[in-house]
Amino acid sequence: MADPDLVARLLAVQQQAAALGTTLGDVIATRLGIAGTDLKCLFLLIQRPHTPRELAKELRMSPSAITSVVDRLEKAGFANREPSTSDRRQVVVTVVPERAQLATDLYMPLFTRMSEVLTQYDREQLATLHHFAEQSVTVLRAEIERLSR
């Protein structure tokens, strides 16, 4: 049986980490000269090209709002609109790799430091942390869906 006090403390620290992650994203966006929402969009584009409709759906934004985000990313040199290879009526938003690398580089010290923290755990503990992180993502997605109804 889990210790309720320890569970409460863990949830409080997780909430603090989430808030700090949001603040870090805002700081990095400011360093890049873009908005926080633009940075979220940029990281989706780093994963793969998206249509504006896909971006709007993933970011839970209206089509007109995502158009503004893509316009700003294009103006800042982080993204391009290109004709879709499968449907000439559509465009695909792609990342400009050299510019996107600037964002990735700003996160590298965090990734390095967090990797150092994780080396303190053995394989079984890391598997538990990984499972917890996956379950957290699942719960967060469900809460987003619930609150979006």
Side-chain angles (χ1 to χ4, degrees), residues 10-149:
L10 178 58
L11 291 174
V13 170
Q14 187 180 24
Q15 186 177 24
Q16 182 181 20
L20 288 169
T22 299
T23 301
L24 178 62
D26 291 341
V27 169
I28 287 175
T30 298
R31 289 276 302 265
L32 295 170
I34 60 177
T37 302
D38 302 355
L39 182 65
K40 291 176 190 175
C41 185
L42 177 60
F43 277 107
L44 290 174
L45 295 173
I46 287 171
Q47 293 171 21
R48 66 174 178 79
H50 286 70
T51 65
R53 181 177 303 199
E54 290 170 333
L55 291 170
K57 182 179 178 186
E58 288 198 49
L59 294 172
R60 299 189 171 278
M61 298 177 74
S62 69
S64 61
I66 205 65
T67 297
S68 296
V69 170
V70 174
D71 287 347
R72 290 192 304 265
L73 286 174
E74 271 193 315
K75 185 176 179 183
F78 287 102
N80 291 313
R81 287 179 175 95
E82 299 175 0
S84 170
T85 57
S86 61
D87 184 348
R88 294 186 339 171
R89 296 169 295 175
Q90 287 189 341
V91 297
V92 176
V93 184
T94 61
V95 72
V96 176
E98 302 80 20
R99 293 285 290 154
Q101 189 63 46
L102 297 173
T104 303
D105 289 347
L106 289 172
Y107 277 98
M108 284 313 297
L110 171 67
F111 296 155
T112 299
R113 292 181 73 190
M114 291 306 296
S115 293
E116 291 168 1
V117 168
L118 291 171
T119 62
Q120 300 171 31
Y121 298 95
D122 65 32
R123 186 175 183 81
E124 185 176 317
Q125 291 170 319
L126 287 172
T128 300
L129 290 170
H130 183 261
H131 178 74
F132 174 75
E134 286 181 325
Q135 293 299 306
S136 294
V137 168
T138 299
V139 169
L140 286 166
R141 284 189 174 134
E143 279 303 294
I144 290 167
E145 285 301 319
R146 182 183 70 80
L147 293 171
S148 296
R149 287 187 210 124

Would Thr85 and Val92 count as a side-chain contact (heavy atoms from CB on, under 4.5 Å) if you check the C-alpha gap in whole Å, the side-chain angles of each, and the deciding distance to 0.1 Å? CA-CA 9 Å; Thr85 57; Val92 176; over 6 Å; no

Does the pair Gln15 and Leu11 meet the rule for a side-chain contact (heavy atoms from CB on, under 4.5 Å), with working shown? CA-CA 6 Å; Gln15 186 177 24; Leu11 291 174; over 6 Å; no

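Nearest approach of Ala76 to Arg99, heavy atoms of both residues: O-NH2, 2.6 Å. The shortest non-hydrogen separation linking Thr67 to Arg81 is O-NH2, 3.5 Å. Nearest heavy atoms, Leu73 versus Leu42: CD1-N, 4.2 Å. Summarising the geometry of Cys41 relative to Val69, their closest heavy-atom pair is CB-CG1, 3.7 Å, with the distance given to 0.1 Å. Across Gln125 and Gln120, no two heavy atoms sit closer than the pair OE1-O, 4.4 Å. Across Ala79 and Glu74, no two heavy atoms sit closer than the pair O-CG, 3.2 Å.
Considering CG of Leu39 and CD1 of Ile46, their distance stands at 8.0 Å, rounded to 0.5 Å. Taking CD of Glu58 as the start and CG of Leu44 as the end, the distance is 5.0 Å to the nearest 0.5 Å. Atoms CG and CD, on Leu140 and Gln14 in that order, are 7.0 Å from each other to the nearest 0.5 Å. Taking CD of Glu54 as the start and CG of Leu45 as the end, the distance is 10.0 Å to the nearest 0.5 Å.
The list of ring-ring contact (aromatic ring centres under 6.0 Å, His included) pairs with a residue in residues 121-145, not counting sequence neighbours, is empty.
Contact of the Met61 side chain with the Lys40 side chain is not registered, since no non-hydrogen atoms from C-beta on lie closer than 4.5 Å. Between Glu116 and Thr112 there is a side-chain heavy-atom pair separated by less than 4.5 Å. Using a 4.5 Å heavy-atom cutoff, the side chains of Phe111 and Met114 are not in contact.
The environment of CZ in Arg113 is sparse: at most 12 heavy-atom neighbours from other residues, nucleotides or ligands sit within 6.0 Å. Atom CZ of Arg88 has 12 or fewer neighbouring heavy atoms from other residues, nucleotides or ligands inside a 6.0 Å radius.
Judged by distance alone, the side chains of Glu82 and Thr94 do bring a donor and an acceptor atom under 3.5 Å apart.
Annotation: ring-ring contact (aromatic ring centres under 6.0 Å, His included) contacts of Phe43 (sequence neighbours excluded): Tyr107.
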Contacts table for residues 19-32: side-chain donor-acceptor under 3.5 angstrom, sequence neighbours left out:
{"unit_1": "Thr22", "atom_1": "OG1", "unit_2": "Ala18", "atom_2": "O", "d": "3.2"}
{"unit_1": "Thr23", "atom_1": "OG1", "unit_2": "Ala19", "atom_2": "O", "d": "3.2"}
{"unit_1": "Thr30", "atom_1": "OG1", "unit_2": "Asp26", "atom_2": "O", "d": "2.9"}

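Between Glu143 and Arg146 there is a salt bridge, since at least one side-chain N of the basic residue sits less than 4.0 Å from a carboxylate O of the acidic one.
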